[in-house]
Amino acid sequence: AMQLATGAGKTVVLAEILRRRRHLGRALCLVHRKELVEQIAATVGRHLGCPVGIEQGGDRTWFADPVVVASVPTVARERAGRLDALDPGEFATLVIDQVHHAVPANRTYARPLAWAGVLDEGFRRTGRGPALIGCSATLARSDGQSLAKWFDEVVADVPLRWLIDQGHLAPLRGIVLRTGVELDRVRAVAGDFVARDLEIAVNVDDRNQLAVDHYLQHAADRQFLAFVPGVQHALDLAEMFRQSGIAAAAVSGKTPADERAAAILAYRQGRLKGLVNVGVFTEGTDLPNTAAVYMLRPTMSQLIYSQMVGRGTRKWTAADWNAAHPELPWQGQALGLYPVKRDCLVVDLVDNTSRHQLVAAPSLLGQGYENDAVPSNVAAATGGASLSVEPVPVGDFEQGLSVVPEEVDLWAGGGDSTPFNTWFEDGEGNWHLVSARAAAHVYRLGPVYVVSFDHLRYANSPHLSLTAAMDRASRLMAPHVEWR
């Protein structure tokens, strides 16, 4: 499995792997969302220069397509018979996109994995069947569920901070508007807040207006994505932006497909300044013109937090702007009359930056380091019974005070409870030492250990004991870690 930060070019990396393995046989890519199926198929087709079949809805693959991109819900339906028409013996590679969804408890993935032979007892022992490759921005899940049943090891980890430092992604600026979010009556289930409870608690006019006012005063020249927990919240916030003269639209899973596509196109072309969404743009979304992210959705999940932040990390160049505005004369473009994306503002109105930081050690096991983000007074969901959740007002407004934007270090979030300045064991015999700027990993390879530094290169460390490997990793990391 691979952990590649949002904006690292995950689809291109997967396409290159498929290109190098093409001589071995066909490849099947499992994707869990309609928009991602089309996006991945287009990227892989361009990179490989070959036909790419699609298995989704009314689209069917042809027997000669070297690569097939399939919707997981479509191929998981046994009655549809989609997999029965494909010979697993012809496939040398099975790719799972957004692999953090593919835990054993998610039965949607069980049928395609059984078809490929991954569930057979001898799959790992004999090496028969396709190579199984998974990719995600954050492998470890907040609910503790493990990917270790399907995957043997993490083979790549490219962190967000390194991509920014190297100039591949846009810098991030963190802004906090402390609105006094108290969530003690909001239930939690499967590692995160219950959405309907959360929406009641945080969809407050004062807080929504605060987001609008900040945008008008500090970010009016930027396009933005706003994340909220529920459909009504999205509608309310988008309407509030429109009432202030800002072209914005609400997008959710309930938005008709043609209406959602039209809103995204209008946003890409700059006709919409903002999109307020409910779980639509947390993963697999390529909107590089996004220069501000407004968080009005509290989350316990490191994965969801990093995905929300990551929506604004892609660079937006003059060439991108020109391509989105072919109707403008070349003179105007040449004079540089386009918005320059210097950085991305991450505006937090719900205390997410105090719960999380943008560093996650890669692991196939669901890890407890996310549990530090769980407030001790959050109630667990029991029996589906709703607690008496009430809207949480903005504290300072009640006192007649203004809420002043504060700069925050996104790489140092999580308060004093963050474990990333100490060694972290992932349950697989591997150890990780992670800071905001670099990371060292000690991987167990049989009876010996190997040191990987800065996620990208292996230190010369043959035949090391665990103690010696950890000592070498510590010395490599010394300039990057604040020891405690």
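If you read the sequence from its start, that first residue is 1, and numbering goes on from there. Below, all heavy atoms of this structure are taken into account, side chains as well, without hydrogens, waters or symmetry copies. Only a predicted model underlies this, so the values are computations on that prediction, with no experimental measurement involved.
In this structure, the separation between CZ on Arg297 and CE on Met308 is 6.0 Å, given to the nearest 0.5 Å. In this structure, OG on Ser306 lies 11.0 Å from CG on Asn352, to the nearest 0.5 angstrom.
In this structure Phe227 satisfies the ring-ring contact (aromatic ring centres under 6.0 Å, His included) test with no other residue, sequence neighbours excluded.
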- request: Would you sort out whether Arg82 and Val68 count as a side chain to side chain contact (heavy atoms under 4.5 Å, CB included), showing the intermediate values?
  value: CA-CA 12 Å; Arg82 298 294 187 105; Val68 178; over 6 Å; no
Under the salt bridge (charged side-chain N to carboxylate O under 4.0 Å, His left out) rule, what do Asp87 and Arg26 come out as? Steps first, then yes or no, please. CA-CA 10 Å; Asp87 179 2; Arg26 303 174 73 188; over 6 Å; no
Check against side chain to side chain contact (heavy atoms under 4.5 Å, CB included), Gln223 and Leu287: CA-CA 10 Å; Gln223 287 183 267; Leu287 295 171; over 6 Å; no
Evaluate side-chain hydrogen bond (donor to acceptor under 3.5 Å, both in side chains) for Thr290 paired with Arg311, printing each intermediate quantity in order.
CA-CA 7 Å; Thr290 300; Arg311 292 311 110 200; over 6 Å; no
Apply side chain to side chain contact (heavy atoms under 4.5 Å, CB included) to Val293 and Val309, showing your working.
CA-CA 7 Å; Val293 172; Val309 172; 6.0 Å; no
How far apart are the C-alpha atoms of His168 and Trp162, what are their side-chain angles, what is the distance that settles it, and do they pass the side chain to side chain contact (heavy atoms under 4.5 Å, CB included) test?
CA-CA 9 Å; His168 301 302; Trp162 183 86; 4.0 Å; yes
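At a threshold of 4.5 Å between non-hydrogen side-chain atoms, the residues Thr6 and Leu169 do not count as touching. Side chains of Thr11 and His47 form no contact here, defined as non-hydrogen atoms less than 4.5 Å apart. By the 4.5 Å heavy-atom criterion applied to side chains, Arg19 and Arg22 are not counted as neighbours. Residues Leu83 and Pro112 form a side-chain contact, since some pair of their non-hydrogen atoms from C-beta on lies under 4.5 Å apart. For the pair Leu345 and Tyr215, the minimum side-chain heavy-atom distance is 4.5 Å or more. The closest side-chain heavy-atom distance from Val278 to His233 is not below 4.5 Å. Contact of the Leu14 side chain with the Val44 side chain is not registered, since no non-hydrogen atoms from C-beta on lie closer than 4.5 Å. Here the side chains of Leu24 and Thr93 are not in contact, with every heavy-atom distance at 4.5 Å or above.
For the pair Asp348 (side chain) and Val350 (backbone), a donor-acceptor distance under 3.5 Å is present. A donor-acceptor pair is defined here as one N or O able to donate and one able to accept, closer than 3.5 Å; no such pair exists between the side chain of Thr43 and the backbone of Ile40. Side chain of Asp157 to backbone of Leu4: no donor-acceptor contact under 3.5 angstrom is found. Judged by distance alone, with hydrogens and angles left aside, the side-chain atoms of Arg242 form a donor-acceptor pair with the main-chain N or O of Ala248 at under 3.5 Å. Judged by distance alone, the side chain of His356 and the main-chain N or O of Thr299 form a donor-acceptor pair under 3.5 Å. At distances below 3.5 Å, at least one donor-acceptor pair connects side-chain atoms of Asn289 with backbone N or O atoms of Tyr267. Here the side chain of Asp192 pairs a donor or acceptor atom with the backbone of Met300 at under 3.5 angstrom.
Nearest heavy-atom pair, Val31 versus Pro73, reported as atom, atom and distance to 0.1 Å: O-CD, 4.4 Å. Between Ala249 and Leu272, the shortest heavy-atom distance links the atoms CB-CD1, 3.8 Å. The minimum heavy-atom distance linking Leu86 with Pro88 is given by the pair O-CD, 3.3 Å. Scanning both residues, Pro298 and Val202, for their nearest heavy atoms gives CG-CG1, 3.9 Å. Closest of all the heavy-atom pairs between Leu94 and Pro130 is N-CB, 4.0 Å. When all heavy atoms of Arg60 and Glu55 are compared, the pair lying nearest together is NE-OE1, 3.4 Å.
With respect to Arg196 and Glu199, no salt bridge is recorded, no charged nitrogen being found less than 4.0 Å from a carboxylate O. A salt bridge between Arg222 and Asp343 is present, with a side-chain N of the basic residue lying under 4.0 Å from a carboxylate O of the acidic one. Between Arg355 and Asp351 no salt bridge is recorded (no basic side-chain N to carboxylate O distance below 4.0 Å).
For the side-chain hydrogen bond (donor to acceptor under 3.5 Å, both in side chains) criterion with Asp97, the lone passing option out of His32, Gln39, Lys10 is Lys10. Shown are Ile133, Leu28, Leu113; of these, the side-chain contact (heavy atoms from CB on, under 4.5 Å) with Ile96 is made only by Leu113.
Phe241 has its ring centre less than 6.0 Å from the ring centre of Phe224.
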